[in-house]
Amino acid sequence: MKQIELIFYLVLTVFFIVSCNTNERSVGMNTWNGLEDLKFHIGTEDPIQTVMEFENADKANDYDKMRSMMTDSTTFTGGNGITRSVDEWFELKESRKARRDSIGATVSWKTTSIFSVDVAPGLGGELVHNYFDAKYTEGDQVNEWRGMELWYIVDGKVVRVNGYYQDIPEEE
């Protein structure tokens, strides 16, 4: 009887260990040098929180907070394909804000969807996909657009941001 009980507990323990170590689900493909064999995995919450915290600092024009969340080599690539360094990005941001302030214009945006994926879990950063709707108002003129930004976050720092934008056509 003791042998049957021992076998039962052994089988139960093995079943438990095997069920807890199932392969993590992954999908997709990429053509990045050195990573061609890797697929995408669901990311974690921390990089998403980093992007949201950065966006909140951006809305509040808290440049010191944003700078503290970047590396010296962080880059920003806009929808026009131009890549800017941290200093260039802040210079553009400040000049746009000064122009808006001088003419009474406003710009606002809200995140509509955000998620994180990881091509190599445990080996580096994660890619955060941030979708948003934005609105620019200047007097009676309003321009609305949708955007998608792909953020690369490593250890709570923004390393790279690539943005893509599309106008929302006016309804006729």
Side-chain angles (χ1 to χ4, degrees), residues 27-33 35 40-121 123-172:
V27 297
M29 57 81 68
N30 74 80
T31 58
W32 301 328
N33 290 334
L35 302 175
F40 290 95
H41 303 259
I42 292 175
T44 61
E45 191 69 25
D46 286 344
I48 292 169
Q49 293 305 317
T50 297
V51 171
M52 297 301 290
E53 185 177 340
F54 190 94
E55 288 289 297
N56 288 336
D58 193 359
K59 288 176 183 177
N61 297 310
D62 188 347
Y63 296 160
D64 291 335
K65 174 71 172 175
M66 288 188 289
R67 276 190 188 274
S68 75
M69 297 178 72
M70 296 184 234
T71 68
D72 292 337
S73 60
T74 296
T75 60
F76 297 85
T77 303
N80 58 5
I82 297 174
T83 298
R84 292 182 171 84
S85 69
V86 172
D87 291 335
E88 293 167 328
W89 184 75
F90 274 114
E91 185 178 301
L92 178 64
K93 194 163 193 44
E94 290 169 351
S95 71
R96 286 180 176 170
K97 181 179 178 342
R99 180 185 179 283
R100 283 192 311 270
D101 289 350
S102 73
I103 60 175
T106 61
V107 67
S108 61
W109 66 93
K110 70 174 183 170
T111 297
T112 58
S113 174
I114 190 167
F115 63 91
S116 174
V117 295
D118 195 347
V119 74
L123 297 180
E126 294 183 27
L127 300 169
V128 177
H129 296 249
N130 180 29
Y131 296 86
F132 61 91
D133 288 344
K135 179 188 231 179
Y136 175 87
T137 304
E138 184 179 320
D140 294 337
Q141 296 179 331
V142 176
N143 182 32
E144 296 181 298
W145 69 93
R146 288 194 174 97
M148 192 284 278
E149 293 174 329
L150 179 62
W151 299 65
Y152 184 51
I153 307 295
V154 178
D155 296 328
K157 296 285 187 182
V158 176
V159 175
R160 184 175 52 248
V161 182
N162 295 335
Y164 308 92
Y165 315 100
Q166 121 187 56
D167 278 334
I168 300 173
E170 292 181 29
E171 292 183 24
E172 295 180 26

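Position 1 is the first residue of the sequence, and the numbers go up from there.
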(Q) Side chains of E138 and R99, heavy atoms from C-beta outward: is any pair under 4.5 Å? (A) yes
Q: Examine distances only and state if a side-chain atom of K157 and a backbone atom of S68 form a donor-acceptor pair shorter than 3.5 Å.
A: yes
Q.
Please give me the minimum heavy-atom distance between G79 and Y165, naming the atom from each residue.
A. N-CE1, 3.4 Å
Q | Interatomic spacing from CZ in R160 to OG1 in T77 - rounded to 0.5 Å | A | 8.0 Å
Q: May I ask you to test the M70-F76 pair for a side-chain heavy-atom distance under 4.5 Å?
A: yes
Q | N130 vs E55 side-chain heavy atoms within contact, under 4.5 Å | A | yes
Q.
With a 6.0 Å cut-off (strictly less than), is the heavy-atom count around CZ of R84, excluding the residue itself, greater than 12?
A. yes
Q | Heavy-atom pair with the smallest gap, counting every atom of Y63 and K97 | A | OH-CD, 3.8 Å
Q) Is the side chain of T137 donor-acceptor paired with the backbone N or O of T106 at a distance under 3.5 Å, no angle test? A) no
(Q) For the CD1 atom of I82 and the OG1 atom of T75, what is their distance to the nearest 0.5 Å? (A) 13.5 Å
Q) Of the options L150, I114, I48, V51, which is the one that meets H129 in a side chain to side chain contact (heavy atoms under 4.5 Å, CB included)? A) L150
(Q) Tell me the closest heavy-atom pair linking T50 and M69, and the distance in Å. (A) O-CE, 3.3 Å
**Q.** Whether over 12 other heavy atoms sit under 6.0 Å from N80 CG
**A.** yes
Q | Side-chain touch W109/K59, heavy atoms, less than 4.5 angstrom | A | yes
Q.
Working to the nearest 0.5 angstrom, can you tell me the gap between D133 CG and E144 CD?
A. 8.0 Å
Q. T112 and F132: which non-hydrogen atoms are nearest, and at how many Å?
A. OG1-N, 3.8 Å
Q: For the pair E53 and K65, evaluate side-chain contact (heavy atoms from CB on, under 4.5 Å) and give the outcome as yes or no after the intermediate values.
A: CA-CA 9 Å; E53 185 177 340; K65 174 71 172 175; 2.4 Å; yes
**Q.** salt_bridge(R67, D87) N-O dist < 4.0 Å
**A.** yes
Q: For the residue pair W151 and F54, categorise the inter-ring angle as parallel (less than 30°), tilted (30 to 60°) or perpendicular (more than 60°).
A: perpendicular
Q: Measure across D118 and G125 and return the closest heavy-atom pair with its distance rounded to 0.1 Å.
A: OD1-O, 3.2 Å
**Q.** Validation row: V142, K135 side chains within 4.5 angstrom (heavy atoms)
**A.** yes
Q) So, do V158 and T71 sit near enough that their side-chain heavy atoms are less than 4.5 Å apart? A) no
**Q.** Heavy-atom pair with the smallest gap, counting every atom of G43 and E126
**A.** CA-OE1, 3.2 Å
Q: Output yes when a side-chain donor or acceptor of E149 lies under 3.5 Å from a complementary backbone atom of V161, and no otherwise.
A: no
